[in-house]
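Let me begin by presenting the structure, written as structure tokens, before commenting on it.
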Number of protein chains: 2
Amino acid sequence: MDQAGARREPTMRDVAALAKVSTKTVSRVINGLPGAGQEVVDRVRAAARTLGYRPNLTASSLRRSDRRSATIGVLFEDLSNPFDSALLRAVEDRARQGGVLVLAGSSEDDRALQGELLISLSARRVDGVVVMAAGGHQDALQQERERGTPMVLVDRPPTFGGTDCVTTTNRDSSREAVLQLAALGHRDIAFLGDRRTLWTSQERYTGYLEGLAQAGLTLREELVRTDLHGADLAETATTALLDLDRPPTALFTAQNLVTVGSMRVLRARGLHHRVALIGFDDFPLADMLEPGITVVRQDVPGIGRKAAELIFARIDGDTSPPVHAVVPAALVRRGSGEIAPSAH
Amino acid sequence: MDQAGARREPTMRDVAALAKVSTKTVSRVINGLPGAGQEVVDRVRAAARTLGYRPNLTASSLRRSDRRSATIGVLFEDLSNPFDSALLRAVEDRARQGGVLVLAGSSEDDRALQGELLISLSARRVDGVVVMAAGGHQDALQQERERGTPMVLVDRPPTFGGTDCVTTTNRDSSREAVLQLAALGHRDIAFLGDRRTLWTSQERYTGYLEGLAQAGLTLREELVRTDLHGADLAETATTALLDLDRPPTALFTAQNLVTVGSMRVLRARGLHHRVALIGFDDFPLADMLEPGITVVRQDVPGIGRKAAELIFARIDGDTSPPVHAVVPAALVRRGSGEIAPSAH
DNA sequence: CTGAAAGCGCTAACAG
DNA sequence: CTGTTAGCGCTTTCAG
């Protein structure tokens with residue numbers, strides 16, 4: 001047995017020859033279609049088994065009128081990110097129910113790469129795609145969509161029309177977080193955000209502003225730090241904030257890794273029990289830290305299920321108007337967001 | 001624009017007609033093959049662009065002599081698990097370099113499901129598969145392998161021959177962990193493991209036994225708890241252990257979620273600074289807990305890269321003898337594993 | 001350098 | 001109930 005595996009795969013013709021029927025009859029049996037006598041069915045099945053026959057879906061879908069590949073594409077930012085992988089899993093679960101497989105790729109939030117992957121998916125004639133759009137213009141996505149490919153965007157909405165999307169309550173939940181901090185008496189609440197090109201970052205920032213305004217607080221621009229891509233940049237930014245003459249007494253970290261970066265600095269300075277912290281996006285073990293980290297938790301499986309539901313409905317021909325589904329997030333109070341401002 | 005996208009896709013024939021050449025010439029141009037005059041190339045490219053032509057890889061691979069689908073299958077236990085998703089990402093990165101896409105699925109450690117997914121992958125004629133074998137017999141895997149499908153197992157070795165695999169130093173690293181605990185003076189070291197059907201669990205248990213033996217400690221069977229699938233079961237088991245008349249002074253938790261479960265109980269009882277803990281598998285934020293959690297860290301990207309390397313070599317016809325690559329894990333000391341036994 | 005004919009494995013559309 | 005013919009979109013083979 002060699003790994004290359006050179007011997008020819010048996011085809012329907014081989015099965016037909018052995019069972020002494022036509023290929024059409026084999027096709028019927030293999031696909032479980034009616035119109036084949038029991039005896040013939042048994043004969044064909046036996047022949048298929050002895051030959052080790054395996055249907056070739058790519059050949060089948062090429063010829064079939066519906067042209068389905070029973071495969072969808074999933075294009076997220078980074079499949080090793082917990083948010084993305086939980087989303088993938090939710091989509092996969094739903095896909096499996098329909099015998100559909102998932103081609104998965106990471107775009108790294110890079111438009112060029114995303115475009116290439118989209119072309120690769122398209123070349124394989126996937127039935128639809130679920131995409132976490134890379135920041136900036138979405139020309140490639142729009143083009144693919146306009147070619148007729150069913151598409152659902154997740155996490156971030158399309159900048160073009162006619163396309164479904166599923167997002168969470170970025171703005172409302174951010175406002176809620178800020179209002180909770182303000183209610184505790186915080187007046188100097190910092191905002192630490194991911195790249196500004198990301199729609200989610202913008203929404204969360206807007207929610208922050210709304211929260212401040214609603215609480216009657218004035219925005220201190222030096223308390224706003226954005227474009228923090230990764231925990232390292234977040235650490236630097238947090239350090240700078242704490243070194244201000246009038247440092248913030250509470251932090252709203254608008255993304256996962258930013259939260260982690262800020263936490264590290266707070267702990268390193270022994271401030272984790274004095275400076276309040278609310279993060280957007282939950283993460284494993286957030287409840288086991290001291291204090292537990294208060295977060296805005298997205299319903300990731302819910303988002304994934306909804307996205308899958310939408311894409312399969314579209315694939316099945318649903319032509320109702322495009323939907324923008326918003327799956328609610330919830331504030332999970334664990335301690336870090338319930339710290340009152342410390343007296344000087 | 002409707003989501004169903006009904007209009008017919010342009011084919012090579014359409015491009016050929018518009019460019020006034022034969023389909024063969026279009027094929028040459030699209031695939032960048034030599035033997036086409038510059039002027040013709042330009043004409044074909046222009047025609048393809050105006051029609052919005054996209055090559056159909058499934059049709060192409062059906063006809064081509066190498067029969068490659070430029071797609072591989074990845075069948076892990078749970079794609080939403082950090083270990084699995086990090087592995088997927090590593091494989092994906094390597095695949096991308098060769099223009100290969102990844103069909104990903106979760107087997108949930110269920111043989112039947114794994115078998116179905118394997119058939120689905122096979123029906124799509126993937127060029128190879130990277131599999132985390134479900135526990136128990138591996139008949140389906142073996143069968144697929146014997147059909148000639150290039151295959152690499154990760155995390156767990158095959159129970160059949162002729163197949164590559166990539167694992168980590170389960171036994172050696174477990175022994176090292178136990179020896180470190182013994183060196184601190186611990187004599188009652190508990191073992192908490194995942195399902196015994198898993199090869200990794202068995203190996204880690206063997207390493208535990210070797211560690212005890214090498215340290216001159218006798219095995220206390222009531223300190224061994226296995227089949228702890230999930231954090232909840234681990235919590236129960238940890239509670240039971242701590243309630244023993246002579247409870248363990250150190251825990252070796254042989255899997256991710258088991259570690260988390262044990263940690264929860266230790267914290268709940270205020271024992272996290274008194275009972276030593278070493279876990280197998282790192283997890284995010286393990287360094288931010290109090291104390292930091294000492295773990296055996298696998299080189300997950302390294303495992304993924306190696307698996308990808310092997311599968312692509314086999315796909316490219318490498319017929320050298322099967323390899324069992326072992327990627328070293330490392331003990332990461334963070335505090336919890338450096339706690340000495342507390343005086344009564 | 002270019003093209004015509006054949007056919008990859010399968011299913012649609014019709015006959016019988 | 002079963003078979004025949006044609007052809008999905010592409011590449012191979014071989015002939016110009």
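Chain naming here is simple, since letters A, B, ... match the order of the sequence lines and numbering starts at 1 in each. None of the values given here were measured: they were computed from a predicted structure.
Both R64(A) and A59(A) lie near DNA chain C, and the one whose nearest nucleotide falls closer to the 5' end is A59(A). In terms of position on DNA chain C, the residue among R67(B) and S65(A) whose nearest nucleotide sits closer to the 5' end is R67(B).
In this structure, S27(A) does not reach the dC10(C) phosphate: none of its side-chain N or O atoms is under 4.0 Å from OP1 or OP2. Side-chain N/O atoms of N31(A) include one lying less than 4.0 angstrom from OP1 or OP2 on dT11(C). Of the side-chain N and O atoms in S60(A), none sit less than 4.0 angstrom from OP1 or OP2 of dG9(C).
Heavy atoms of P34(B) sit nowhere under 4.0 angstrom from any nucleic acid atom.
S61(A) and R67(A) share no donor-acceptor pair across their side chains, judged by distance under 3.5 Å alone. Side chain to side chain, T149(A) and E144(A) meet the donor-acceptor criterion of an N or O pair below 3.5 Å. A side-chain N or O of Q138(B) and one of T159(B) form a donor-acceptor pair less than 3.5 Å apart. Side-chain N/O atoms of Q38(B) and D42(B) include a donor and acceptor closer than 3.5 Å.
Residue L33(A) contributes atom CG, which lies 12 Å from atom C1' of dA12(C) at whole-angstrom precision. What separates NZ of K20(B) from P of dT2(C) is a distance of 16 Å, to the nearest Å. Regarding R63(B), its CZ atom lies at a distance of 9 Å from the P atom of dG9(C), rounded to whole Å. K24(B) places its NZ atom 13 Å from the P atom of dA4(C), with the value rounded to the nearest Å. Note: CD1 (I30(A)) to C1' (dC10(C)) measures 12 Å, nearest angstrom. The interatomic distance linking D66(A) (CG) with dA12(C) (P) rounds to 8 Å, in whole Å.
Note on the helix from dC1(C)-dG16(D) to dG16(C)-dC1(D): angle between the axes of the first and last five pairs equals 30°, rounded to 10 degrees.
Of all nucleotides in DNA chain D having an atom under 4.0 Å from a heavy atom of chain A, the first and last in 5' to 3' order are dC1(D) to dG9(D).
A salt bridge does not link R89(A) to E77(B): none of the charged side-chain nitrogens sits closer than 4.0 Å to a carboxylate oxygen.
Across every non-hydrogen atom of P301(A) and A90(A), the tightest pair is O-CB, 3.9 Å.
Under a 3.5 Å cut-off, the side chain of N31(B) and the backbone N or O of L33(B) do not form any donor-acceptor pair. Remark: side-chain polar atoms of R94(A) are not paired, donor with acceptor, to backbone N or O of F312(A) under 3.5 angstrom. Between the R124(B) side chain and the A70(A) main chain, a donor and an acceptor come within less than 3.5 Å of each other.
One can find a donor-acceptor pair under 3.5 Å joining the base of dG3(C) and the side-chain atoms of R28(B).
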